[in-house]
Amino acid sequence: MGVRFKEHSGLHLPKVQAEIQESWAQEQTFQKSLNKTRGDFTFFEGPPSANGMPGIHHVMARAIKDAVCRYKTMQGFRVLRKAGWDTHGLPVELQVEKELNLTKEDIGKTISIEDYNAACRKAVMRFTGEWQKLTDAMGYWVDMQDPYITYDPKYMESVWWILQQFYKKGLLYKGYTIQPYSPAAGTGLSSHELNQPGAYRNVKDTTLVAQFKLMPGQSIDGMETGESDFCLAWTTTPWTLPSNTALAVGPNIQYVLVETQNPYTREAIRVWLAEERLANYFAAEMENQEPAVDQKKPAWKRIGQAKGSALAGLRYEPLFNYARPEQGDAYRVIPGDFVTTADGTGMVHIAPSFGSDDFKVAAQHGIGSLTLVDEQGRFTPEVTDFAGEYVKESYVPTDLKKDGYESVDVRIAVLLKQRNRAFKIEKYEHSYPHCWRTDKPILYFPLDSWFVRTTALKSRLLDLNKSIRWKPESTGTGRFGNWLENLIDWNLSRSRFWGIPLPIWRSDDGSEEICIGSVEELSQEIERSMQAGWMTENPYALHNGKVDYSKIDLHRPVVDQIVLVSPSGKPMRRESDLIDVWFDSGSMPFAQWHYPFENKEKIDSGQAFPADFIAEGVDQTRGWFFTLHVIAAGIMDSVAYKTVISNGLVQDKNGMKMSKRLGNAVDPFQAIEQHGADALRWYMLTNASPWDDLKFNPASLDEGARRFFSTLHNTYSFLALYSNVDGLSPRLPHLPEQPSEFDRWMLSRLGSLHRDVTAAYEDFDLTQAGRLLQAFTDTDLSNWYVRLSRRRFWKEADDQDKQSAFYTLHYTLCYVSLMMAPVAPFYSDRLYRDLTGSSSSVHLANWPQELSRFLNPDLEYAMELAQTTCSLILSIRKSEKIRVRQPLQRVLIPVLDQRQSAALDRVSDIIKAEVNVKSLELHSQPGDWMVLKAKADFKKLGPRFGKDMKEVALAVENLSQADIQKLNSSGRCNLTVSDGRTIELLREDLEIRSQDVPGWQVATNGPLTVALDLQLSPELLAEGTARDLVNRIQNLRKDSGLDVGDRIRLAIYGSEHVQHAVQANNHYICTEVLALTLTTGPENEAVSATEVELEGDLRAFIYLEKTV
RNA sequence: AGUCCCGUAGCUCAGGUGGUUAGAGCGCUACACUGAUAAUGUAGAGGUCCCCAGUUCAAGUCUGGGCGGGACUACCA
């Protein structure tokens, strides 16, 4: 006797997991899996930030990555998986500041930048242990021994090189953007800082509707502008009015020209504003009244109207004459899509320097800007009336604030009022962002920043995007595609400390600059600078002509102290900003390999670039997915990835976002410990498409995923039990030599499954792959093949049929273990090893071969019919309350066509056994006992009859039996519709099904009808009783502790019916219960026998003893 | 505010190119099986396919407009 199949008492996934983890560690399975030779499948791991704990959503993204990579490994590819850490950025800085109880102002004062950076470096890797733990626990294979780390000098050097490439191509420039800016703190703020709680507060400001005077004599849709025509525009920031250079209108908004008076000066004026806003500025009762000086509310009259698009192009007089923009054609009305009629006048005052929409729309229309406010938040000297005044009252130092101080907003309003340029002045409460450090309101302010000219790459980016396979597609065309369509230049500058410094040095006048692309280059420049006398030592000095990466630090403040020399001999200092951390992570395809300083061939040859596949959450669309895309396009004119899966969020079971605050966050460690990583992964990938949001419900995880594993486990246990009885050993999958019809069906289904699952994996559709496997295991394998084949496994004879059943089941389970391996790495490995006796992991095995030669659609169709037929018969038995143990004589099935007939014939034995019926009769010739029913095939007839379809359908339903039979035999028939027309129908235009079978119990499902003969002859009744008896005897055997193989002597006592049943079925009973002798007699002869109840108010006395 | 995703049974989800009985699993109810037994199977109940309009002979499916949930980006007179 050979090796036995392992029998496990129960299924405990976490335990399986622990054992398999152990094997992987001992056998170095992951390392071995990298020895595949079919070629490289390139995968990029997005770097998580290790300064926070991993959450359940990380399991999601990583399950996807892992499953795809494992699948490709089984396909024979080498899949390198280099882990990475994102180490820079504001969250790290904030965390350190919080822990050390510092503010930004302390940096460089109470704490040196060196110490600060050291603290960041330490903080950022704090949770690497937890991440390692999660990685192991969830079975994610990624190489964490040799990760890329964004603060590593080699990594930073590659990033510098990339920046230099952009610089050389003219794609890096210094320019303005409008950014949130805190004059009190003297620094720009990131959107992140603006989104901190409490940043937006309600404040009351003086607002004003200003009158912009149109130049007379311009044409609007044929009307001519008059001597005192104005546009009305509302502002909550009157201090921006001196810097106004344009007015924006909504191109599709309807505007009206109103004749009225200025409420303050009573001068007659005509004003333009949006029709929808009229009611906010004019009293309904004063419309068309005669104007009079003493009116409280001015009279008004509509005298013209125009679309915004018609107003565009009009020129107006500047409100103030402090300054005019040097460039561009200012003081025009321009169209802006962002203009709404939700508030104000439907016309928007544009000060390009103080609003990002303003800036954008002005740039689009070639309008210059004015910045009449300085970085302290004060008016510049040009603004003669207010020179040096703070534009916001909150900026005014308390000691400078005299009694009776009026804000500049108020004074501007008063000034305009006097000049007939203010239409309405009022206080208005609204929410306005504040600086979280100074508590003062922020301004939107143009700041110097370095940009990547992504707009220059736009069309190429769009083109390249078309070749990327997005899962789901809509994210690529929608969210990502739209983002690319509306691309603006990428602002790289961040005024921070912990990040990659911009490698750009400039002379003080900005006339000369250099962008450094390597440490070596920087070192050489420093040497030159030392010769010129600007530097005394070189912190990046080369050793033997080489960079010693272990000794250098490219962070601030080291690089800040470096002064280079320009070609003309001037000192050049570093631009003080750091670069956006997104640039760090987008650089990883190159920087992870220290390209081009090392591993040049790896990337140039296409081996390590671009990625065949990446996956992250959908929140990375404008993050990592975008930065990878831009940098790859800029550097290599290539995509960075060929396929990308962007998964949705993991929400709680009620669809709410998980958060620590709400306490609904699921701890991934606990989830894995409780359910096992396999169940968790299976649930996450099969419950919903990964790109839909997942409502994480631990209850359905348990019910759903565990069900699959336990079905599989039970199926394996069944195989193990009987194989061990027969002394069969684990082995590699082996096809049966003479498969039965049933085996061939199983193998055909397996072949179909293999085809479909492989296609799903190839399409990166893990959900579909998992669902197919799950449905197959439950429905086809366990519920049909195993259940109906049980007898073949336990029968005694050691014959071909038994062996075929064993091989078929074994083969099928092996395939399932292989095909499920990418998604459920632990259990599949246990199953695979148990089945095959292999000491090598399933993950080193090759993807199973296709089984196309077994595909047999006819057989699969036949079996489907069998299943439906059984279901129908059981449903009749159920409604008629006839137990399955009671045999019935026959079932009748009217067959409609040759295919159905042949198929049913093929599976009739299976049906008979399953539903306990003696014979199955197929009738192809319709007889009196069968009522046919015709139904129109809408798909075929719809296009032909169009409107008359309803009528035709009705006529078809009313066809007589004779008509239908005629149609059936001749293949055509005529039909008369209500308007007298006659139409000809062909056999295939209709669906014919049989309906009632008079005198029989019938059930119908689609084209299948079964009729069951319920008559019970004495023989059938006796056999029913015999079956009951067998059942009771088996129970007794078990109760008396007999082994399944023990032989018995048996006696049964009971009524005449019982005695008759025993005599008539003597052989059957003996075979079933392994009785060597069977005697029967009346009840009064029963000695030390057990009484049992039988169906039909019968009872019997059973005596059995084991033979020796 | 813009862009994108989602809305089908109590729950979780399927439902190419429009076609007439809208499906599955879980749960529930009832039952069967008892040599897979802490396993297995069957049946039944359960639906305003989010709402409204349109296109069409025909709409869960296509179009438009809403509503609700979620995400990302932005934050404005």
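All of these numbers come straight from a predicted model, not from anything done at the bench. Letters A, B, ... mirror the listed sequences (proteins, then strands); counts begin at 1.
Other residues, nucleotides and ligands contribute over 12 non-hydrogen atoms within 6.0 Å of the CZ atom of A:R787. Shown here is A:E426, whose CD atom has more than 12 heavy atoms of other residues, nucleotides or ligands within 6.0 Å.
Across all strands shown, B:A32 forms a Watson-Crick or G-U wobble pair with B:U40, both key distances being under 3.5 Å. Base pairing of B:G25 is made with B:C11, judged by Watson-Crick or G-U wobble geometry with both donor-acceptor distances under 3.5 Å. Pairing for B:G46 is absent, judged as Watson-Crick or G-U wobble with the two contacts each under 3.5 Å. Using the Watson-Crick or G-U wobble rule with both distances under 3.5 Å, B:U20 pairs with nothing in any strand shown. Across all strands shown, B:G2 forms a Watson-Crick or G-U wobble pair with B:C72, both key distances being under 3.5 Å. Across the strands present, B:U61 finds no partner; the criterion is a Watson-Crick or G-U wobble pair with both atom distances under 3.5 angstrom.
For the pair A:Y181 OH and B:C75 C1', the interatomic distance rounds to 21 Å; values are reported in whole Å. Whole-Å rounding puts the A:I911 CD1 to B:G41 P distance at 19 Å. Between A:W490 atom CH2 and B:A74 atom P the separation is 14 Å, expressed in whole Å. Rounded to whole Å, atom C1' of B:C33 lies 12 Å from atom CG of A:D1028. Between the CZ atom of A:F626 and the C1' atom of B:U3 there is a distance of 15 Å, given to the nearest Å. Put simply, CD1 on A:I1048 is 13 Å from P on B:G35, counting in whole angstrom units.
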Could you list the protein-to-nucleotides 56-60 of chain B atom pairs, N/O on both sides, closer than 3.5 Å?
from: B:C57; atom 1: O4'; to: A:G946; atom 2: O; distance (Å): 3.0
from: B:C57; atom 1: O4'; to: A:K947; atom 2: N; distance (Å): 3.0
from: B:C57; atom 1: N1; to: A:G946; atom 2: O; distance (Å): 3.2

Tabulate protein N/O versus nucleotide N/O from nucleotides 6-10 of chain B, keeping only pairs under 3.5 Å, one per line.
none

Might you list the N or O atoms of the protein lying below 3.5 Å from N or O atoms in nucleotides 62-68 of chain B, with each pair's distance?
none

Contact list (N/O, under 3.5 angstrom) for nucleotides 42-46 of chain B vs protein:
from: B:U42; atom 1: OP1; to: A:N783; atom 2: ND2; distance (Å): 3.4
from: B:A43; atom 1: OP1; to: A:S871; atom 2: OG; distance (Å): 2.2

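Each of B:C76, B:A32, B:U12 was ranked by its minimum atom distance to the side chain of A:V884; first place goes to B:A32. Across B:G41, B:C75, B:A71, the shortest atom-to-atom separation from the side chain of A:D778 is found for B:G41. When the nucleotides B:C76, B:U12, B:G35 are ranked by their closest atom to the side chain of A:K695, B:U12 comes out on top. Of the listed nucleotides (B:G35, B:A36, B:U17), B:U17 has the atom at the smallest distance from the side chain of A:K939.
Note: A:F708 CZ to A:T686 OG1 = 9.0 Å, rounded to the nearest 0.5 Å. Atoms OG and CG, on A:S353 and A:L443 in that order, are 11.5 Å from each other to the nearest 0.5 Å.
Using a 4.0 Å heavy-atom distance criterion, A:T345 is classed as making no nucleic acid contact. Residue-level contact check: A:E914 touches neither bases nor backbone, having no heavy atom under 4.0 Å from any strand. Within the nucleic acid shown, A:Y722 comes within 4.0 Å of sugar-phosphate atoms alone, with no base atom in reach, counting heavy atoms only. As judged by a 4.0 angstrom heavy-atom cut-off over every strand, A:R771 is placed among residues touching the sugar-phosphate backbone only. Contacts of A:T236 with the nucleic acid, taken as non-hydrogen atoms under 4.0 Å apart, involve only primed sugar atoms and P, OP1 or OP2.
Here A:N714 does not reach the OP1 or OP2 of B:A36: none of its side-chain N or O atoms lies under 4.0 Å away. In this model, the phosphate group of B:U34 is approached by a side-chain N or O of A:R885 to a distance below 4.0 Å at OP1 or OP2. Remark: A:R790 is in phosphate contact with B:A36, judged by side-chain N or O atoms under 4.0 Å from OP1 or OP2.
Applying the side chain to side chain contact (heavy atoms under 4.5 Å, CB included) criterion to A:H8, with sequence neighbours excluded, gives A:K6, A:H713, A:Y716, A:R830, A:D834. Residues forming a side chain to side chain contact (heavy atoms under 4.5 Å, CB included) with A:V884 (at least two apart in sequence, or on another chain): A:L874, A:R877, A:N916.
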Worksheet item: Between A:F776 and A:W784, does a ring-ring contact (aromatic ring centres under 6.0 Å, His included) hold up when you go through it step by step?
Response: CA-CA 10 Å; A:F776 173 88; A:W784 198 248; over 10 Å; no
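In summary, A:R791 and A:E1072 engage in a salt bridge, as defined by a charged side-chain N under 4.0 Å from a carboxylate O.
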